[in-house]
Trainee: 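Before I ask anything, let me first share the structure, which is written out below as structure tokens.
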Amino acid sequence: MNLFSHKDIIVLFLSIALMLGTGRFFGELFRRFKLPPVVGEILAGIVIGPSLLGRIFPDLYGWLYPVGTRGAVALESFVLMGVVFLLLTAGLEVDLSSVWKQGKSVFVMSVFSIAIPFLLGFFLPLAAGSIFTTRGDTLLLSLFLGVSLSITALPVIAKILLDMNLFKSDFGMLVLASAMLCDLFGWLIFSVIIQFTDTGSINPLIMAKTIGFTVALAAAILTVLRYIINHLFPWVQAGTEWPGGVIVFIVVIGLIFSALTEAIGIHAIFGAFLAGIALGDSPHLREHTKEIIHQFINNIF
């Protein structure tokens, strides 16, 4: 039995084609003006999304992006894979030595990047309570707004740095490492908010467990697992057809690590990013292989 109806398949393929084609068109347009193509791709999303297409042609928008269908789930899965793969390729370009060298700067920048927007968001409902109409706890709303403002758009930051050839610079490493720490903190707090919403209370043990698992997993990926991956690379390159075998190996590792971080309550993109760092740090990974992966993922996903 076919899981997708005839209409589901048509709509899914047309919506993906529209997203890819429009995103590419606006990306190239912005590139002509010496601007990051990702800004044009975001504008493309606004044009074909609910903000413009959904307001001008609501019926067409509802047909292209139906809610509650198998095609909609498939499209959402495609988008999620795109974000995960983007962070995987970004991690491949991270220079760990540059990050460690700027450790103090990364920490200071992360603290201020988190603290200022978090405090603004946290105190906003308290200072302007009449604006917000909520039946829930004001503290919960304050935490939610604080976290919402302090979480960065890590995939967008990574794409901008890649587009502007700033990724491998010390400045690029500083910005990316700081953004990653900001998001890590934000998702940890967000998991606490979800726990409070579901149970009505905050369990310090569960929170400590999530933080502990996150730190332990990140440390394991960047030390022990990175060492194992480095020793597996020569075997993969010698025993499989190039570049397909290496690409599949990288994607498999990225998906496994993404699943691990999602399992402990942290967004899957962090697992993909850490996997990219562990894989990209190997001296056995050829630059040409990286370029093939970048071309496929950056232009399709």
Trainee: So if you build clusters from Ile, Leu, Val, Met, Phe, Trp, Tyr with side-chain heavy-atom gaps below 4.5 Å, do F25 and L20 land together?
Mentor: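 The answer is yes; both residues are in one hydrophobic cluster.
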Trainee: Is there a path from V147 to L120 through hydrophobic residues (I, L, V, M, F, W, Y) whose side chains come within less than 4.5 Å of each other?
Mentor: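 No, it is not one cluster - the side chains of V147 and L120 are not joined through contacts under 4.5 Å.
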Trainee: Is the side chain of Q102 donor-acceptor paired with the backbone N or O of M173 at a distance under 3.5 Å, no angle test?
Mentor: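 Side chain of Q102 to backbone of M173: no pair is present.
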Trainee: Looking at C182 and I114, what are the two nearest heavy atoms and their distance?
Mentor: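 Nearest heavy atoms, C182 then I114: SG-CG1, 3.5 Å.
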Trainee: With a 6.0 Å cut-off on the ring centroids, do F296 and F85 count as close?
Mentor: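 No, the ring centres sit 6.0 Å or more apart.
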Trainee: Nearest 0.5 angstrom please: L87 CG to I269 CD1, how far?
Mentor: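 Taking CG in L87 and CD1 in I269, the distance rounds to 5.0 Å.
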Trainee: Side-chain contact, heavy-atom cut-off 4.5 Å: K7 with T69?
Mentor: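 In short, these two side chains do not touch, never coming nearer than 4.5 Å.
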Trainee: Please round to the nearest 0.5 Å and tell me the distance separating atom CG of L145 and atom CG of L124.
Mentor: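 So the gap between those two atoms works out to 6.0 Å.
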Trainee: Any donor and acceptor pair, going by atom type alone, linking the side chain of D281 with main-chain N or O of R226 inside 3.5 Å?
Mentor: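 No; judged by distance alone, with no hydrogens or angles, the pair does not exist.
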Trainee: For a quick test of reading the model, state the closest non-hydrogen atom pair linking F257 to A275 and the distance between them.
Mentor: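 It is CD2-CB, 3.3 Å.
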Trainee: Are the side chains of L285 and I250 in touch, meaning some heavy atoms are under 4.5 Å apart?
Mentor: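 In contact.
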Trainee: Is the distance from the ring center of F78 to that of F301 below 6.0 Å?
Mentor: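 Yes, the ring of F78 comes within the 6.0 Å limit of the ring of F301, centre to centre.
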Trainee: Indicate yes or no: at least one non-hydrogen side-chain atom of T240 is less than 4.5 angstrom from one of F249.
Mentor: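 Sidechains of F249 and T240: no contact.
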Trainee: For the residue pair F118 and L149, establish whether any side-chain heavy-atom pair is separated by less than 4.5 Å.
Mentor: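 No - every pair of side-chain heavy atoms lies 4.5 Å or more apart.
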Trainee: Do F107 and L176 sit in one hydrophobic cluster, given that two such residues count as connected whenever their side-chain heavy atoms are within less than 4.5 Å of each other, even indirectly?
Mentor: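 F107 does not cluster with L176.
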Trainee: Rounded at 0.5 Å granularity, tell me how far CD in E262 sits from CG in L255.
Mentor: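 Separation between the atoms: 12.5 Å.
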Trainee: Show the nearest heavy-atom pair for residues A177 and S110, with the distance to one decimal.
Mentor: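 Heavy-atom minimum between the residues: O-OG, 4.4 Å.
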Trainee: Is there any side chain to side chain donor-acceptor pair (under 3.5 Å) pair reaching into residues 288-301, and which pairs are they, with sequence neighbours excluded?
Mentor: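 Sorted result for residues 288-301: R24-N299, E93-H294, W242-T289, E291-Q295, Q295-N299.
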Trainee: CG/L279 to CD1/I221 distance, rounded to the nearest 0.5 angstrom?
Mentor: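 Reported value, rounded in 0.5 Å steps: 10.0 Å.
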Trainee: Ignoring hydrogens, what is the shortest heavy-atom contact between S258 and A268? Give both atom names and the distance.
Mentor: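 For S258 versus A268, the nearest heavy atoms are OG-O, 3.3 Å.
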Trainee: Shortest non-hydrogen contact from S113 to P117?
Mentor: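 Scanning both residues, the minimum pair turns out to be O-CG, 2.9 Å.
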Trainee: Can you confirm whether V236 sits close enough to V248 that some side-chain heavy atom of one is under 4.5 Å from a side-chain heavy atom of the other?
Mentor: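 Not touching, per the 4.5 Å side-chain cut-off.
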Trainee: Under 4.5 Å between any side-chain heavy atoms of V252 and I256, yes or no?
Mentor: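 A side-chain contact exists here, since the closest heavy-atom pair is under 4.5 Å.
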Trainee: Using 0.5 Å steps for rounding, measure from the OG atom of S282 to the CD1 atom of I277.
Mentor: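 It is 14.5 Å, given to the nearest 0.5 Å.
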Trainee: Could you tell me whether a side-chain N or O of S15 sits under 3.5 Å from a main-chain N or O of L12, the two making a donor and an acceptor?
Mentor: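 Yes; at least one donor-acceptor contact below 3.5 Å.
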Trainee: Hey, is CZ on F144 packed in by over 12 heavy atoms from elsewhere, all under 6.0 Å?
Mentor: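 12 or below, so no.
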Trainee: Ignoring hydrogens, what is the shortest heavy-atom contact between A278 and I229? Give both atom names and the distance.
Mentor: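 For A278 versus I229, the nearest heavy atoms are CB-CD1, 4.1 Å.
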Trainee: Any link between M180 and V111 through a network of hydrophobic side chains (Ile, Leu, Val, Met, Phe, Trp, Tyr) touching at under 4.5 Å?
Mentor: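 In one cluster with M180: V111, no.
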Trainee: Do V246 and F233 come within less than 4.5 Å of each other through their side chains, counting heavy atoms only?
Mentor: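 Result yes, sub-4.5 Å side-chain heavy-atom pair found.
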Trainee: In terms of hydrophobic clusters joined by side-chain contacts under 4.5 Å, are L29 and I160 together?
Mentor: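 Yes, L29 connects to I160 through the hydrophobic network.
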Trainee: With a sphere of 6.0 Å drawn around CD of E76, does it hold more than 12 non-hydrogen atoms of other residues, nucleotides or ligands?
Mentor: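 Count not over threshold, so no.
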Trainee: Let me confirm one number: the CZ-CG distance from F270 to L260, rounded to the nearest 0.5 Å.
Mentor: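 Answer for the CZ-CG pair, F270 versus L260, is 15.0 Å.
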Trainee: With side chains defined as the heavy atoms from C-beta onward, is the minimum distance between L53 and L64 less than 4.5 Å?
Mentor: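 L53 vs L64: side chains touch.
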Trainee: So, do Y65 and Y61 have ring centers that fall under 6.0 Å from each other?
Mentor: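 Between Y61 and Y65, which both carry aromatic rings, the centre distance is below 6.0 Å.
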